Colleague: 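I have a structure I would like to understand better, so I am pasting it below and will then ask my questions one at a time.
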Amino acid sequence: MQRYFSPEKETASREQVIEWQNKGLVDAVKRVWDNVPYYRSKMEEKGVTPDDIKGIEDLHKLPFLTKDDLREAYPYGLMARPLEDCVRIQSTSGTTGRRVVAFYTKNDIRLWDECCARALVAAGATKEDVVHVSYGFGLFTGGAGLNGGSHMLGSLTLPMSSGNTDRQIQFMTDLKSTVLCCTPSYAAYLAESIHERGLRDKIHLKAGIFGAEAWTEEMRHDIEESLGLKAYDIYGLTEISGPGVAFECEEQSGMHINEDYFIAEVIDPKTGEVLPDGEKGELVFTSFAKEAFPLIRYRTKDICILSREKCSCGRTFVKMTKPLGRSDDMLIVKGVNVFPSQIETVLLNHGYAANYQIIVDRQKNSDTIEVRVEMTPEMFSDELSKVTAKEKELVSGLKSMLGIYANVRLVAPKSITRSEGKAVRVIDKRNLYKG
Ligand code: DLL
């Protein structure tokens, strides 16, 4: 059986990987200096020029990039290739207003597909498999990424997209899907629905590739038991390409980062200082091989630990732990990125004060989000029907801001506990970041 999709890359010596990264970094820095005025001015601000960058040991001299830079440069400000060389855009889930948009040349798509093909092979997939892709298709990278990887591997690919559970199960049983790709929460939901319909013995799944949101080892165990498959984690973010930046192998203990395309660093989120392997901090990526949208020192805000311990699978690429948290307050609810500030904006725009709480939970394997906000004193004397109408108004305001349904509960004025320090606005009962 095929063990690696790109054997010469995935098992390359450390010296070889460093050579690729040195060359790639020097080249990428020159390209952005010459073609991206936004980068040039950030580098000038830091007093660094391409001549200062001889290899990865100089990476720390370069400025960081954040989501705010991407929003500021929206839409074309970080492109390193002319628009006519680009063939695709993708965008992060959930953010409204100034979205984060990533551009791809044909070669960028090839590179991304290759990363996903590696993830599929690491999960035991071959061209004989039937790959059932239930990540969303469209601007979100999940569907397109695994679809592309599966094509590259040569497997029969079912581009199901998310939702319509009955149809998912029908195709899964009729076409004998063997590899399932979706978010872990959707996998758990599918498992439940399959059991409810009494169809467990009609399912042929052997592996699942689940990512895009945090999930625990307990959840892995439950999904593996209920669907009779081996569940593998996959990590990625739109800005750096999409799923497949890192993927789990048969060891199921941490994800190998595709170091021939991406340089990973872990930094102290407060000081920006680079931390040694083995220490916990914020993950930073440099996507030096990308043509249209190379990012240098992009701060992911995901907290994790890197490990260079030898892996029994034979891959030499560094491993990252599952994300152990975030250094910002972004929540991922139903696979959608949600910032509490977006919710606050809606509340303030509707005339409420900033006395609110966001309660996130998971019921029957599906995320729920409830926003509790205090009524204004005038509203408190209103009839129930008026209060219900106000709640509905907020539900629809939140839906158009976040793209997902959030339940709203108007509560009595002054009933939300005031905090003496930093307000605790978010109560996340899911406990997802425990590894
Ligand atoms: O979620 C890309 C993706 C699609 C990854 C399908 C895996 C599978 P974004 O919408 O840009 O892209 O969200 C990126 O999601 O910074 C993490 O916080 C979180 N995330 C992604 N994968 C994982 C994972 C896609 N395996 C953000 N575990 C990232 C925990 C994850 N969090």
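Since the structure is predicted, the reported quantities are computational estimates derived from the model, not experimental observations. Whatever order the structure lists them in is the order used to number ligands and atoms, beginning at 1.
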Colleague: Heavy-atom distances under 4.0 Å are what count here, so tell me which part of Phe210 touches ligand 1: side chain, backbone, both or neither.
Modeller: neither

Colleague: Would you mind running through ligand 1 and noting each atom that sits below 4.0 Å from a heavy atom of Thr238?
Modeller: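 Within the 4.0 Å cut-off of Thr238, ligand 1 contributes 9 (P), 10 (O), 11 (O), 12 (O).
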
Colleague: Would Arg326 count as a polar contact of ligand 1, with the cut-off being nitrogen or oxygen pairs under 3.5 Å?
Modeller: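 Indeed, backbone or side chain, Arg326 has an N or O that close.
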
Colleague: Can you tell me which portion of Leu146 lies within the under-4.0 Å heavy-atom range of ligand 1? Options are side chain, backbone, both, or neither.
Modeller: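 Neither; no heavy atom under 4.0 Å.
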
Colleague: Of the backbone atoms (N, CA, C, O) and the side-chain heavy atoms from C-beta on, which set of Leu237 has a member under 4.0 Å from an atom of ligand 1: side chain, backbone, both, or neither?
Modeller: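 Answer for Leu237: both.
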
Colleague: Would you call Arg372-Glu370 a salt bridge at under 4.0 Å N-O?
Modeller: yes

Colleague: For ligand 1, is any non-hydrogen atom under 4.0 Å from Thr141's backbone (N, CA, C, O), its side chain (CB onward), both, or neither?
Modeller: side chain

Colleague: Can we say Lys319 and Glu251 salt-bridge, meaning some charged N sits less than 4.0 Å from an Asp/Glu carboxylate O?
Modeller: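 Yes, Lys319 and Glu251 are salt-bridged.
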
Colleague: Which residues pass the side chain to side chain donor-acceptor pair (under 3.5 Å) test with Gln252, not counting sequence neighbours?
Modeller: Glu224

Colleague: Phe140 heavy atoms, cut-off 4.0 Å: which ligand 1 atoms fall inside?
Modeller: 1 (O), 4 (C), 10 (O), 25 (C)

Colleague: Any N or O on Glu213 sitting closer than 3.5 Å to an N or O of ligand 1?
Modeller: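 Indeed, backbone or side chain, Glu213 has an N or O that close.
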
Colleague: Return yes when atom CD of Glu196 has more than 12 non-hydrogen atoms of other residues, nucleotides or ligands closer than 6.0 Å, and no otherwise.
Modeller: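 Correct, the count exceeds 12.
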
Colleague: Does Trp215, backbone or side chain, put an N or O under 3.5 Å from an N or O of ligand 1?
Modeller: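 No, no N or O pair falls under 3.5 Å.
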
Colleague: State whether the shortest distance between N or O atoms of Ile234 and N or O atoms of ligand 1 falls below 3.5 angstrom.
Modeller: yes

Colleague: Hey, which atoms in ligand 1 end up nearer than 4.0 Å to a heavy atom of Thr92?
Modeller: 11 (O)

Colleague: Do Ala212 and ligand 1 have an N or O pair less than 3.5 Å apart?
Modeller: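 Yes, there is a polar N/O contact under 3.5 Å.
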
Colleague: With atoms numbered from 1 as shown, which atoms in ligand 1 lie under 4.0 angstrom from a non-hydrogen atom of Ile332?
Modeller: 15 (O), 18 (O), 19 (C)

Colleague: Are any of the N/O atoms on Thr300, whether in the backbone or the side chain, positioned under 3.5 angstrom from an N/O atom of ligand 1?
Modeller: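 In this structure, Thr300 places no N or O atom under 3.5 Å from an N or O of ligand 1.
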
Colleague: Regarding Glu217 and Arg220, does a basic nitrogen lie under 4.0 Å from an acidic carboxylate oxygen?
Modeller: yes

Colleague: Are the aromatic rings of Tyr104 and Trp112 close, with centres under 6.0 Å apart?
Modeller: yes

Colleague: Of the backbone atoms (N, CA, C, O) and the side-chain heavy atoms from C-beta on, which set of Pro323 has a member under 4.0 Å from an atom of ligand 1: side chain, backbone, both, or neither?
Modeller: side chain

Colleague: For Phe5, give me all partners under ring pair (Phe, Tyr, Trp, His ring centres under 6.0 Å), at least two apart in sequence or on another chain.
Modeller: none

Colleague: Using a strict cut-off of less than 4.0 Å between a Lys/Arg side-chain nitrogen and an Asp/Glu carboxylate oxygen, indicate whether Arg308 and Glu259 qualify as a salt bridge.
Modeller: yes

Colleague: Checking Arg315 against Tyr4: charged group under 6.0 Å from the ring centre and within 45 degrees of the axis?
Modeller: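 Cation-pi check for Arg315 and Tyr4: fails.
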
Colleague: Heavy atom to atom 25 (C) of ligand 1, shortest distance: which of Ala102, Gly236, Gly136, Cys116 holds it?
Modeller: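 Answer by nearest heavy atom: Gly236.
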
Colleague: Classify the side-chain pair Thr165/Tyr186 by whether it contains a donor and acceptor separated by less than 3.5 Å.
Modeller: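 Side-chain D/A pair, Thr165 to Tyr186: present.
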
